[in-house]
Amino acid sequence: MAYWLMKSEPSVYSIDDLAREGRTPWTGVRNYQARNFMRDQMREGDIVFFYHSSAEPPGIAGLARVVGKPYPDPTQFDPKSPYYDPRAHADRPVWFLVDVAFERKVEPIITLTELRAEKRLRDMLVLKRGQRLSVQPVSAEHARVLMEMIRARGT
């Protein structure tokens, strides 16, 4: 099992949206490295730390799980979608996604400030200057620390 951090702006798609829907395809990723993580490395059962970005405050808002295998992102084929990519064709997809399922909310969220204050997380990718990937791996050690922080909240 692997661990991932997936960012979403809560005004676009929040942990509450995922809780209500139960499961969602993680559409719209248009960064090759993030796509490669989903296509090549994510597996069913992997744990996702759901991170609210561009929020006040930003931070880990919940947990999700990867369900199913990676598959082509259908939004790349839809000319009406903001994620349409004219280079993509059904027989040659460019963009891939995974489905994620809701596990639980973290309340209150683990803020970016709290993450920065935890010395054991100092090398976590989301804390690196300039790190803007919307999908990124989380080491097993960092995942253990994050789970401790979540358990301390009683959620």
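We're numbering straight along the sequence, starting at 1. What you see is a predicted model, and the numbers here were worked out from it, not measured in a lab. All values below were derived from every heavy atom in this structure, side-chain atoms included, with hydrogens, water molecules and symmetry-related copies excluded.
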Within the distance-only criterion (no hydrogens, no angle test), does the side chain of Arg132 pair as donor or acceptor with the backbone N or O of Arg129 below 3.5 angstrom?
no

For the pair Glu141 and Arg144, find out whether any cationic side-chain nitrogen is under 4.0 Å from an anionic carboxylate oxygen.
yes

Is there a donor-acceptor pair closer than 3.5 Å between any side-chain N or O of Ser54 and the backbone N or O of Glu9?
no

Under the 3.5 angstrom rule, does the side chain of Arg35 hit a backbone N or O of Val94 as a donor-acceptor pair?
yes

Do Val135 and Val138 share a hydrophobic cluster (ILVMFWY, side-chain heavy atoms under 4.5 Å, transitive)?
no

Quick check: closest heavy atoms across Gly62 and Ile15, and the distance to 0.1 Å?
CA-CD1, 3.9 Å

To the nearest 0.5 Å, what is the distance between CG (Asp40) and CD (Gln33)?
11.5 Å

ring-ring contact (aromatic ring centres under 6.0 Å, His included) partners of residues 25-46, not counting sequence neighbours, each pair once
Trp4-Phe37, Trp26-Phe50, Tyr32-Trp95

Report yes if some heavy atom in the side chain of Leu97 is under 4.5 Å from a heavy atom in the side chain of Tyr71; otherwise report no.
yes

Applying a strict under-4.5 Å side-chain criterion to I, L, V, M, F, W and Y, I'd like to know whether Phe77 and Tyr83 cluster together.
no

Using atom types as modelled and distance alone, determine if a side-chain donor or acceptor of Gln136 lies under 3.5 Å from a backbone N or O of Val126.
yes

Nearest non-hydrogen partners of Ile109 and Pro57, listed with the distance:
CD1-O, 3.2 Å

Pro108 backbone acceptor or donor facing Arg153 side chain under 3.5 Å
yes

Closest heavy-atom contact between Pro70 and Met42?
CG-O, 4.1 Å

Out of Val67, Val48, Asp46, which residue meets the side chain to side chain contact (heavy atoms under 4.5 Å, CB included) rule with Val100?
Val48

Measure the NE2-CD distance between His89 and Gln76 for me, rounded to the nearest 0.5 Å.
10.0 Å

Check whether any side-chain N or O of Arg116 sits under 3.5 Å from a backbone N or O of Thr113 as a donor-acceptor pair, and report yes or no.
no

If we only count heavy atoms from C-beta on, is the Val29 to Ser134 side-chain gap below 4.5 Å?
yes

Where do Leu18 and Ala64 come nearest, in terms of heavy atoms and distance?
CD2-CB, 3.9 Å

Can you check whether Arg120 reaches Met149 side chain to side chain, under 4.5 Å on heavy atoms?
no

Linking I/L/V/M/F/W/Y whenever their side-chain heavy atoms sit closer than 4.5 Å, directly or via other members, would Tyr51 and Val145 fall into one cluster?
yes

Heavy-atom closest pair, residues Lys105 and Phe102
N-CZ, 3.5 Å

Leu121 versus Leu127: any side-chain heavy-atom pair under 4.5 Å?
yes

Taking the side chain as C-beta and beyond, is there a heavy-atom pair between His52 and Pro58 under 4.5 Å?
no

Taking C-beta and beyond as the side chain, do Val106 and Phe49 meet within less than 4.5 Å on heavy atoms?
no

Can you tell me how far apart NZ (Lys69) and CZ (Arg39) are? Round to the nearest 0.5 Å.
15.5 Å

Val66 and Arg43, any side-chain heavy atoms less than 4.5 Å apart
no

Side chains of Leu146 and Leu115: closer than 4.5 Å at any heavy-atom pair?
yes

Kindly say whether Ser14 contributes a backbone atom to a donor-acceptor pair with the side chain of Asp17 at under 3.5 angstrom?
yes

Does one hydrophobic cluster hold both Met124 and Met147, with members joined at side-chain heavy-atom distances below 4.5 Å?
yes

Given the rule that I, L, V, M, F, W and Y join up when any side-chain heavy atoms are under 4.5 Å apart, are Ile110 and Ile47 in one cluster?
yes

Using salt bridge (Lys or Arg N to Asp or Glu O under 4.0 Å) as the criterion, list what pairs up with Arg30, not counting sequence neighbours.
Asp73

Taking every non-hydrogen atom, the tightest pair across Arg65 and Gly45
NH1-O, 2.8 Å

